[in-house]
Each structure stands twice: as C-alpha cells, then as structure tokens.
There are 2 protein chains.
Amino acid sequence: MTDLKERIIQSSLELFEKHGYHGVSINQIVEHCGASKGGFYHYFHSKDELLYVIHDTFITYVLEKANQAKQTYNNPTEKLQAIIESFVKVFDLYKPHISVFYQESTYLKPDYEELIKKKRDQFKQNIFEVLQEGQDKGEFRSILPVEITGMAVLGMVNWTYKWYRKNGEKDIEEISHVFVDLILHSVLTGETLQQDRYTDFFLQTKMNS
Amino acid sequence: MTDLKERIIQSSLELFEKHGYHGVSINQIVEHCGASKGGFYHYFHSKDELLYVIHDTFITYVLEKANQAKQTYNNPTEKLQAIIESFVKVFDLYKPHISVFYQESTYLKPDYEELIKKKRDQFKQNIFEVLQEGQDKGEFRSILPVEITGMAVLGMVNWTYKWYRKNGEKDIEEISHVFVDLILHSVLTGETLQQDRYTDFFLQTKMNS
DNA sequence: TAGCACCGACCAACCAGTCGGTATCTACAA
DNA sequence: TTGTAGATACCGACTGGTTGGTCGGTGCTA
C-alpha cells in the first residue's frame with residue numbers, strides 16, 4: 001500500500017547517514033529507490049517533512065522504551081540499568097535514524113523542531129528523575145549533581161552513533177553491559193556497590209563465570 | 001594585517017553554530033562581517049577550505065593539550081585526569097569550533113577529511129593508551145575493554161558541546177570535576193579507590209571541606 | 001467514472017565561485 | 001623627495017549549475 005513511502009524513507013536514511021541531509025537531493029533519493037519526484041511529493045509535503053518523520057520515528061520509540069523501563073522496575077538502580085540497556089540497544093535497530101537525528105537536528109524547521117524538542121526533553125527528564133530518586137533513596141552518591149551526571153550518561157550513550165557499526169567487532173550486548181557497569185560504578189554509593197545486590201550488571205557476573 | 005580573515009572565521013563560526021554549514025551562504029557570512037565576496041575568496045580557496053580551517057584549529061589545539069598532559073604526569077590516573085580536565089576546559093574556549101567540528105564533519109571534502117581524521121585518531125589513541133597503561137599497572141579495573149571504555153569517556157566529554165553554555169548555570173570547572181569523578185569511579189579498582197591516593201578529584205575533596 | 005498512486009518535464013530561486021577592476025602599500029631608483 | 005612599478009588587499013556584478021517544488025497528465029483499481 002504505502003510501500004513506496006517506506007522505500008523512500010529507507011533510501012533517504014541510507015543516503016543521509018552517509019552524505020548528510022544537505023549532501024543528498026530529492027532526485028538522488030528517488031533515483032536510489034526507483035521512484036520519481038512526483039512519487040515523493042505524493043507522500044511528503046517537503047524535504048523538511050521527511051527529515052521530521054525520521055526524527056519522530058526514533059524519538060518516539062526511545063521514549064516509549066524508557067517509560068516502559070521506568071514502570072517495570074521499582075528501585076532506581078534497576079530502572080537506570082534498564083533505561084540504559086534499552087537505550088543502547090536501540091542503536092542496533094535505529095542506527096541510521098539516530099545518525100540523522102543527531103547530525104541534522106540544526107536543519108529542522110522551527111515548527112518541527114518544537115515537536116521533537118518536547119519529546120527529547122521528556123526523555124532527558126526521565127533520566128534526571130531516576131538519578132534523583134536514586135539519591136533520595138540513598139543508593140546513589142548524593143554529591144553528584146543530577147544534571148551534569150545525567151548529561152554525562154546521555155553523552156556516553158548518544159555518542160555511540162559515531163562509532164558503532166552493526167556486525168562490527170563490538171556487539172551491542174557487550175557495549176550495553178560495559179556502559180551499565182561504568183555508569184553504576186560511578187553513580188552507586190560505596191556501600192551499595194559492595195553489597196552487590198546488583199551483581200547482574202555485566203562485568204562482575206562475567207568474572208564469576 | 002589579516003584582520004579580515006579573522007573576522008570572516010569569527011562570523012562564520014557564529015553563523016555555522018546556529019544554522020549549520022549548509023544553512024549559511026558565503027553572502028551571509030561576508031555581510032555579517034561587513035566584507036565582500038571578493039574579500040572572502042582572497043583568503044580562502046573555497047567554502048570547504050573554511051570548514052577545514054575551523055576543524056583544524058580545534059583538533060590541533062586539543063591534541064597538543066593531551067600530549068602535554070601525557071608528558072607532565074607519570075601515573076595513568078593523573079594522566080587520565082589531566083587529559084579529561086584539559087579536554088573539558090577546551091569547551092570554554094572553542095565551543096563554536098567544536099560544534100561545527102562535530103556537526104559538519106560529514107561535509108568535509110575527502111582530502112581535508114583525511115588530514116583531520118589523522119589527528120582525531122591520534123587523540124583517541126592517547127586515551128586508549130592511558131587506559132591500557134592503567135590496567136597494566138593495576139590501577140584500573142582490567143575487566144573493562146579498553147576501546148569501549150575509551151569511547152564512553154570520549155562520548156561523555158564530547159557530548160558537552162550539545163548542552164554547555166558559556167556563562168550558563170553550570171561552569172566549566174564543575175563540569176570538569178564531575179566528569180573526572182565519574183570516570184575515575186568507574187575505572188579505578190576498588191582498592192585504588194579506597195586508598196584514595198587521588199583525593200584531589202573534586203567531589204571527595206569537596207566532601208571533606 | 002471517480003479517485004488514488006505515481007510520473008517527469010519544467011521553473012524560479014539560490015548559491016559557490018569567477019573575473020575584471022580599484023585602491024593602498026612597498027621598494028627602490030632618479 | 002618624488003616617481004613608478006609591482007604586489008597585495010579587497011570589491012561586487014555576473015554566471016553556470018543545481019535544487020526544491022509544481023503541475024498537468026497517465027494508468028490502474030474499485
């Protein structure tokens with residue numbers, strides 16, 4: 001039905017990821033997927049709308065995953081772990097979306113940008129909340145400023161889009177486990193760490209096996 | 001002497017940071033700094049060269065700083081700390097360069113890209129080496145895969161360009177100290193941490209005061 | 001026969017880069 | 001000190017190529 005629409009998105013993702021939004025013309029996109037300009041404008045009002053659709057697909061998915069994680073677990077450590085794990089694993093599914101998302105966000109037209117920004121902020125807030133909760137419950141070190149720590153976590157994970165290659169030498173499970181390990185080591189209090197109630201974060205488990 | 005050249009770079013940085021490389025035309029740049037197209041092409045062969053110059057200025061500076069840090073200290077913990085601190089502080093000086101650097105690198109023409117890539121890789125290797133040395137000397141946890149950990153560190157710091165605002169509510173010293181604290185907590189072995197030979201990384205000190 | 005899916009020639013706008021030109025400065029000989 | 005030749009700094013009208021977007025049309029389907 002809307003087969004062509006999907007093909008256009010697929011092609012544009014492939015091309016945008018490699019050459020950037022401005023490095024690819026509509027003609028190149030439709031040529032790449034064997035369609036025509038008319039076909040393109042049948043499904044999209046503008047090139048800008050295509051960019052928006054790509055952004056929205058990804059951020060909507062990530063946000064949903066984070067909300068799920070937040071609802072599934074009760075204590076902050078597990079929540080944080082689950083959010084990070086699901087977040088990292090998204091790179092396997094949505095790598096091209098993510099690349100476009102982070103590299104081309106400057107070029108979103110104001111109306112679209114506002115829509116995306118809302119969801120982006122929600123996601124950020126999720127992480128801040130979990131960190132705050134962790135401190136309140138005494139599981140996380142309280143000297144850490146929540147915002148900076150949160151941005152550090154986001155940065156660490158987000159940056160993955162610059163170097164992660166599907167079927168590359170580092171698989172996504174390993175990356176995800178290492179990240180969780182790094183973050184929990186830096187965020188948990190000494191006591192919580194030693195109790196190791198949460199031995200299931202990667203590297204400790206691996207040691208025991 | 002080359003006053004105009006500097007003004008062009010300054011104006012383009014300002015505009016590129018806000019609207020992206022492709023969101024700004026040569027005419028807009030020269031208009032912004034009260035010059036002319038002829039003036040621009042007197043100092044630059046092409047718009048691409050301008051982009052290259054911006055990239056190169058920044059990466060050259062960062063690389064130099066990292067080498068300095070590596071030579072000044074002997075043990076890996078202090079090296080890592082110094083590299084991170086100097087790296088984070090660069091954001092204060094070169095924020096616009098960095099934004100352009102990370103957002104527009106896709107648009108560098110092949111010849112320029114190769115030149116930049118070399119320096120970028122050198123910097124990355126610096127970090128990997130320090131991490132490796134730390135593990136070899138028993139200061140850092142050896143279960144951590146060096147590459148992933150290194151990319152995590154890079155990501156955490158690099159991402160700062162997306163949210164850091166000069167004269168914003170978070171000053172660069174604090175950010176730098178928190179990052180060092182997070183990274184050292186996640187990387188140091190439990191013993192090294194408890195010995196606290198390195199009490200001078202921010203937050204512990206702050207606690208004692 | 002009505003409408004949905006799609007086509008592709010065409011257009012107007014824009015933009016990187018060119019080029020012929022002017023103005024100022026430097027060097028040096030008369 | 002003056003004259004002048006050559007270089008350097010800078011200007012801005014113009015151009016050729018490209019691109020996002022339009023629109024009249026075609027064929028298939030219900």
Side-chain angles (χ1 to χ4, degrees), chain A residues 1-56 100 103-113 115-116, chain B residues 1-56 100 103-113 115-116:
Chain A
M1 190 66 70
T2 50
D3 174 44
L4 179 57
K5 189 173 180 182
E6 265 316 306
R7 268 164 49 223
I8 290 174
I9 294 179
Q10 227 44 48
S11 290
S12 68
L13 276 171
E14 217 171 292
L15 295 170
F16 288 169
E17 191 183 8
K18 213 182 296 184
H19 306 113
Y21 179 68
H22 288 279
V24 180
S25 68
I26 308 260
N27 277 326
Q28 287 173 291
I29 295 170
V30 295
E31 194 181 330
H32 184 270
C33 66
S36 69
K37 221 148 186 194
F40 180 94
Y41 282 94
H42 183 70
Y43 289 107
F44 300 95
H45 292 325
S46 63
K47 200 185 173 188
D48 299 304
E49 194 192 314
L50 171 61
L51 186 59
Y52 165 72
V53 169
I54 293 172
H55 274 62
D56 191 61
V100 175
Q103 278 187 28
E104 314 293 351
S105 59
T106 352
Y107 301 114
L108 274 177
K109 288 279 174 299
D111 290 351
Y112 293 132
E113 207 207 316
L115 293 169
I116 297 299
Chain B
M1 189 68 71
T2 49
D3 176 45
L4 180 58
K5 188 173 180 180
E6 264 318 304
R7 270 162 51 220
I8 291 174
I9 293 179
Q10 226 46 46
S11 289
S12 67
L13 276 171
E14 218 171 291
L15 296 169
F16 287 169
E17 191 183 8
K18 212 182 296 182
H19 310 288
Y21 179 68
H22 288 279
V24 179
S25 68
I26 307 263
N27 277 326
Q28 287 172 290
I29 294 170
V30 295
E31 194 180 331
H32 184 271
C33 64
S36 69
K37 220 149 189 193
F40 180 94
Y41 282 96
H42 183 69
Y43 289 107
F44 299 97
H45 293 327
S46 64
K47 200 184 174 189
D48 299 305
E49 194 193 311
L50 171 61
L51 187 59
Y52 165 72
V53 169
I54 293 172
H55 274 62
D56 190 60
V100 175
Q103 278 186 30
E104 314 294 352
S105 60
T106 352
Y107 301 114
L108 274 176
K109 289 279 173 300
D111 290 350
Y112 293 132
E113 208 208 316
L115 293 170
I116 297 297

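Note that the coordinates shown come from a computational prediction; the quantities given were computed from them, not determined experimentally. Naming convention: chains lettered A, B, ... in sequence-line order (proteins, then strands); numbering from 1 in each chain.
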Note to self: Is it the case that the side chains of A:S25 and A:Q28 hold a donor-acceptor pair, with the cut-off being a distance below 3.5 Å and no angle test?
What the structure shows: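 On atom types as modelled, these side chains qualify, holding a pair under 3.5 Å.
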Spacing between [X] atom [atom1] and [N] atom [atom2], to the nearest angstrom:
X      : N      : atom1 : atom2 : answer
A:E6   : C:dA5  : CD    : P     : 15 Å
A:H22  : D:dT18 : NE2   : P     : 18 Å
B:I29  : C:dG17 : CD1   : C1'   : 13 Å
B:Y41  : C:dA16 : OH    : C1'   : 4 Å
A:H45  : D:dG20 : NE2   : P     : 18 Å
A:N27  : D:dG17 : CG    : P     : 17 Å
A:Y107 : D:dG20 : OH    : P     : 14 Å
A:L50  : D:dT19 : CG    : P     : 16 Å

Next item on the list: Tell me what A:K47 touches on the nucleic acid: a base, only sugar-phosphate, or nothing, going by heavy atoms under 4.0 Å.
Entry: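 Here A:K47 touches the backbone only, sparing every base.
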Notebook entry, point to check: Would you say the ring centroid of A:Y112 lies under 6.0 angstrom from that of A:H55?
Noted result: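 They do not qualify: ring centres at least 6.0 Å apart.
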Notebook entry, point to check: A:V24 and A:K47: which non-hydrogen atoms are nearest, and at how many Å?
Noted result: O-NZ, 2.8 Å
Check: For C:dA5, does OP1 or OP2 lie under 4.0 Å from any side-chain N or O of A:H42?
Finding: yes
Of the candidate nucleotides [options], which contains the atom at the shortest distance from the side chain of [X]?
X     : options               : result
A:I26 : C:dC6, D:dG20, D:dC11 : D:dG20
A:S25 : D:dT19, C:dG8, C:dC7  : D:dT19
B:Y43 : C:dC7, D:dC10, D:dG20 : D:dC10

Check: So, the side chain of A:S11 versus the backbone of A:I8: is there a donor-acceptor pair under 3.5 Å, distance only?
Finding: no
Notebook entry, point to check: Can you name the one residue among A:H22, A:E17, A:Q103 that meets side-chain hydrogen bond (donor to acceptor under 3.5 Å, both in side chains) with B:T106?
Noted result: A:Q103
Next item on the list: Please confirm whether any donor atom in the side chain of B:K37 sits under 3.5 Å from an acceptor in the base of C:dA16, or the reverse.
Entry: yes
